[in-house]
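Heads up, the thing below is written out as structure tokens.
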Amino acid sequence: MENRFRARFCVLILLACSIYSGFTLVGAQNRRPKNVQVAVRAKWSGTPLLLEAGELLSKESKNLFWEFIDDWLLHVAKTDGDSHSAKDCVKKILKHGSFLLSEPLAPLFEYSLSLRSASPRLVLYRQLAEESLSSFPLPDDSYSNNERGLDANETADIKKFDPLLVGVNPKSPGGKCCWVDTGGALFFDVADLLLWLQRPNELGDASQQPETYDFDHIHFDSNIMSPVAILYGALGTDCFRGFHVTLTQAAKEGKVNYVVRPVLPSGCEAEVGLCGAVGARDSLNLGGYGVELALKNMEYKAMDDSAIKKGVTLEDPRTEDLNQEVRGFIFSKILERKPDLTSEIMAFRDYLLSSTISDTLDVWELKDLGHQTAQRIVQASDPLQSMQEINQNFPSVVSSLSRMKLNDSIKDEIIANQKMIPPGKSLMALNGALINIEDIDLYLVIIVEFLEANGALFLVSVLLLSLFPKLVIMLIDLVHQELSLADQFSKLKIPLSTVRKVLLTVTPPELNMFRVDFRSAHVHYLNNLEEDAMYRRWRNNINEILVPVFPGQPHYIRKNLYHAVYVLDPATSIDIITSFYENTFPMRFGVILYSAQFIKKIEMSGGELHSSALEHDSEIENDKSSLVNRLRTESAESTDEAVEMHHIERAFVETELSKAKSSPQEIMLKLKKEQTFKEMSQESSLSVFKLGVGTLQCCLLMNGLVFDSSEEALINAMSDELPRIQEQVYYGHINSRTDVLDKFLSENGISRYNPQILADGKVKRRFVSLASSILGGDSVLNEINYLHSPETVDDVKAVTHLLAVDVTSKKGIKLLREGIHYLHACAVYQIGGTKGARVGVLFSASQIADLPSLLLTKTFEITAASYSHKKKVLDFLDQLCSFYEHKYILRSTTAAESNQEFVDKVYELAEANELFSKPYKSSLPEASDLKLRERLNKVSQFLYRQLGIPSGVNAIITNGRVTPLGASVFLSDDLHLLESIEFKHRIKHIVEIIEEVNWQDVDPDMLTSKYISDVIMFVSSSMATRDRSTESARFEILNAEYSAVVVNNENSSIHIDAVVDPLSPPGQKLSSLLRVLAKYAHPSMRIVLNPLGSHNAENIVSITLFGVIGLEIFSLSDDVTAVCCDGRFKWKHSSSLGDLPLKNYYRYVVPTMDDFSSTDYTVNGPKAFFANMPLSKTLTMNLDVPEPWLVEPVIAIHDLDNIFLENLGDTRTLQAVFELEALVLTGHCAEKDHGPPRGLQLILGTENTPHLVDTIVMANLGYWQMKVHPGVWHLQLAPGRSSELYFFRDGVDDGSQEKSLSKRIAINDLRGNVVHLEVVKKKGKEHENLLISSDVDNQSKDKRVSS
């Protein structure tokens, strides 16, 4: 009975549709639904997908690029007989590429290829290819950059219009598709290349060799010391095959350094095969951006009433999606049941789509709209798809959402969660690290600095990411990074549960504040605020520091809160602190005196000069402040800038005259005679050298923090320290009995200051993954035998120092000896909380190593392998290195005598240190000179290619952190400092996880301390290379039983936490991104829905604010305001309930395999498609593109600000095409010890054409920006006053700064770049102004004319 009733009801509905369609057939045809399609294409022409695949594989591993080439040449025929379309070719490319990858990375490789993310790298190679050809023009001079064959005048016009030559593909030179550039010549035929390889005298001209870059593909068998040969060509051509085979063989023989730069010249598409040319002939459509069609507010009308342009037809060929719900009907199912009524059903559908869509609802209909949306999403079979369909088509579905019956459990859970997070806030974390998905309000970032974690409220503060510098990372790169790390760790046989635990750990933020522990007898304090009589009238209540004062006014408290200790050479600086001291500034002043000349002698001797401890003469322990004042007076009276000896003697006599028991002249003669003064001076200078601040000349230590010695730096240092002390006083950590200096230095003091290690935020630390090196195949890391402190060989070592030592240099041997001394010290002095460290040595040679150098490396190898457990092994190595340094590095001897003498010395020292000499006697005489040199060359190759350390550079690799040594002395204390910082910051939490591992797939005999230490080293080095945020949030405190989307995948190494307002602009973007991740990365997800609701009118959250008094109002976003009053923090939402939360349609453009044609070799590319848009509403199109993109419309028939689809007439689809005009290169420029150099002029161009675009530095934060495109560019100071006054400064403050007028910038992706510049004025130009007035300029010109 029920079935019969349903059948009759269905027939009645269809009959009604048929009758209605008969009356409205004509009107419905005139009001058929319209579509909108949007595309963004690159300015450059298309690039071959085959070459893009090779670039993507090289990002995973450099060797994969060469494996892909060999595999393609071996298995793929040029005929492409089994590939009949672009989609077939893409599948073939994916098949060969995925074969080289692990299973989790293969889907991501497919997505990256369809995204065309490697295309900018190929555009960069085009630029280099063009420069290569222009360096050697063909005899007929017929070469042209224009693939369309334009004449010279037309080409010049193009260059004038587009100075950066974007998208210009080099034309095939003389019909050739490949060539080899050796710097001195170009070879277009293999026969000519073979002749060149057979003439060794022509191979070694280093001055003509072409330059290589970090992104270049260098063959793994190449010798970096050999001549460079760069092959320009495309995989798939016959010429590429011939050149590749020849150069690969030459690289194996050590003749060349073989480099490939993939380029398919214009006119060679037919030579590369059908699949090799896929993507090269079509324009390149981009993905990864959003498009919005907003319902325009028509309270006023400003329409473009001009006639619609004719003559261009851009109809979309695709069919309409009938699976989309329209007013409760799914027409695809109706058509399946009644195919004979297709025309009538479609007419009824068109009428429903063309009916008016309301952009506002009544207040009662919006009461629980956010909660109803959350309920619709969590109850759907595919929640992510449901969320995307709702928020990206919200105006069309809002009516049905408002009529849904609400489940109170969902509403109650959402309200409970919103007590811990602002309603409507959206954020996302990938494996625990937050990703910024929306713009951040500046004022809220300022508030965060004062927020105190208070239980769940910590979530509110940590969800905000800092504004500067803004990290621009593609989401696909973050996912690839995590999957790649998981793949590496699984290959190390680490269990999956441990892998997930490691990846979910968030690295603590880098420390930029280090205090130097200077406490010693060499510090001479000039005053004491707690004891001196001149400060007795001040109050001694420490809580006075919390009382507000006028800006710039200090707190006068009788407490030693600020210790300003100046490290200075009295011969050059003496009057820095006297003005503050004499004016009773509330600060304790002290000095540490040193002799710059003495420290220079220590550095020249390698830091081995020591002084003996001497007793102080009781008669010279006097008032230091009087002596300093006298010295300042003598210096002021002198006409010379430097203080001389007679000034010091006079000041000393006048100071001691009234205080010493004996005559000051007698004391002076006694000091000179007994050398007491000199020895005390040497002790003080030696202590300054050990602290590491001697190279800074004169510096200020403010409670241990290092600053410049200027008065401005002193005031700034005090202002910086004030809030830290206030915070400690507020929480009771500092009281009236606390020694502030001892507290600060005991908590985070360091024994030595080394800017190379500390970085202080000025220089970005460089990390490399050692796991990828060892997993890539045969690696020198597998052959290292480590040195340990005595009796700790069997202990697990958390820290591993790899010393890259140039065995032929004095600095290299010095570093080796310091590494040995470091292990000696480690046996006696334990670093807090660590289990020790080990040292491995990687020997290389910057020049031809003689036989003693080779024998030294062999001796080290034997000793570390056989005697690392012996007590005196370190003494033996230290004595051997000392002998080698003095005998072979500092002076040369006769070769034959020196070789035998070295071997005999090894035997002698081995016996003296209780080591058996038999292994040395059996190995050293028979050591092969050739094999030892091959070993040195192999290490040099590894250091350069895997670690980026050039030949001849001594460096330290600490669990993946690369620290190249500069001009300053590097001591064993620096190794202790490096160990301490790296262990606390990024190794400790990994050690705790690895120690708990239950090793199941590992042979018990392999589970040695060395194996565990290796795992810690590999994991910590790989984790350090992660480029992601250090901010995190406590998502676990949010309830996720009723109002969350939870996807569990225990086999996945990716976990996503998200808080999403589904009816918000961030929610529109995030829904698409989550679907992409779910499809290609298969992560586990926990998505908590956080919509706005009627209860959110005033949601009060308790929060502790430090230092906030009274009422303050902060704007958090357009509809959220934070009101702070008396420690209460209120979120107030000003949204009107009568407005829709979303008044737009949205599409986030992501690529799919459907972008590749299945009928021909065309690549269509991704597009945003809006189906069935309302006809009677005025729409406005907006693009949501990545920040570095500058786009402009190139095809837009209609006014995109006022889209009225009823005016399209017979056209069903409105199409708009935008073009990526340029990328934005941004940066900040600073002048050392000064503000930003306002008005500094910068130019950007190529090596041949240096000035293509220009800009100036702004006063605000030194900001500057330029338009760029993919390529290698040179950023320079513009000719004129900019280059006359300034130069760029590279490096850190260790005396090894490199000075230049140009910086090279490589743009090889779509992320843009942020460049931080530091400039310094030239010597003699320090007091000149960059910007001068016109009057001064005219006067200077008049003077030049008159002269």
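Just so it is clear, the structure is predicted and the values come from calculations on it, not from any experiment.
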Practice problem: Calculate, to the nearest 0.5 Å, the distance between atoms OG1 and CZ belonging to Thr958 and Arg765 respectively. | Solution: 11.5 Å
Quiz prompt | Partner of Glu110 under side-chain contact (heavy atoms from CB on, under 4.5 Å), chosen from Leu94, Ile93, Leu115 | solution = Leu94
Quiz item: Counting N and O atoms only, with roles assigned by atom type, does the side chain of Asn959 sit under 3.5 Å from a partner on the main chain of Val799, one being a donor and the other an acceptor?
Solution: no
Self-check item: Side-chain donor or acceptor of Asn417 paired with backbone N/O of Ile414 under 3.5 Å
Solution: no
Quiz item: Will you find, in the side chains of Ser1052 and Ser1084, an N or O donor that is under 3.5 Å from an N or O acceptor?
Solution: no
Practice problem: Any chance you could measure Gln375, atom CD, to Ile410, atom CD1, to the nearest 0.5 Å? | Solution: 4.0 Å
Self-check item: Sole residue of Asp1061, Leu1142, Leu1063, Leu1089 in side-chain contact (heavy atoms from CB on, under 4.5 Å) with Thr373
Solution: Leu1063
Exercise. Please name the pair of heavy atoms, one in Lys425 and one in Leu427, separated by the smallest distance, quoted to 0.1 Å.
Key: CG-CD2, 4.1 Å
Quiz item: What's the shortest heavy-atom distance between Val291 and Phe1170, and which atoms?
Solution: O-CZ, 3.5 Å
Quiz item: Is any NZ, NE, NH1 or NH2 atom of the basic residue among Glu55 and Lys59 found under 4.0 Å from an Asp or Glu carboxylate oxygen of the other?
Solution: no
Exercise. Any pair with a residue in residues 97-108 that passes side-chain hydrogen bond (donor to acceptor under 3.5 Å, both in side chains), sequence neighbours left out, goes on the list, sorted by first then second residue, please.
Key: Ser102-Asp487
Quiz item: Looking at residues at least two apart in the chain, or sitting in another chain, which of them share a ring-ring contact (aromatic ring centres under 6.0 Å, His included) with Trp999?
Solution: Tyr1011
Practice problem: Would you kindly say whether Ser1043 and Glu413 are connected by a side-chain donor-acceptor distance under 3.5 Å? | Solution: yes
Self-check item: Gap separating the OG atom of Ser1021 from the CE atom of Met1023, nearest 0.5 angstrom
Solution: 10.5 Å
Quiz prompt | Atom CZ of Phe215: over 12 foreign heavy atoms under 6.0 Å | solution = yes
Self-check item: Verdict with supporting geometry, Arg500 and Asn1051, side-chain hydrogen bond (donor to acceptor under 3.5 Å, both in side chains)
Solution: CA-CA 9 Å; Arg500 295 189 63 173; Asn1051 297 323; over 6 Å; no
Quiz prompt | Ala798 versus Ile987, closest heavy-atom pair with distance | solution = O-CG2, 3.6 Å
Exercise. Consider only side-chain N and O atoms of Ser1072 and Gln392, and report whether a donor and an acceptor are under 3.5 Å apart.
Key: yes
Self-check item: Approximate separation, where rounding is to 0.5 Å, of Ser1071 OG and Leu384 CG
Solution: 8.5 Å
Practice problem: Look only at the side chain of Arg1086 and the backbone of Phe1035, and say whether a donor-acceptor pair between them is shorter than 3.5 Å. | Solution: yes
Self-check item: Ring centres under 6.0 angstrom apart (Tyr111, Tyr1080)
Solution: yes
Quiz prompt | Which atom of Leu1310 lies closest to which atom of Trp1189, heavy atoms considered | solution = O-NE1, 3.1 Å
Self-check item: Sequence-distant partners of Phe65, ring-ring contact (aromatic ring centres under 6.0 Å, His included), two or more places apart
Solution: His217
Self-check item: Minimum heavy-atom distance between His1316 and Val1314, given as atom pair plus value
Solution: NE2-CG1, 3.8 Å
Quiz prompt | Arg1147 side, atom CZ; Glu292 side, atom CD - distance, nearest 0.5 Å | solution = 12.0 Å
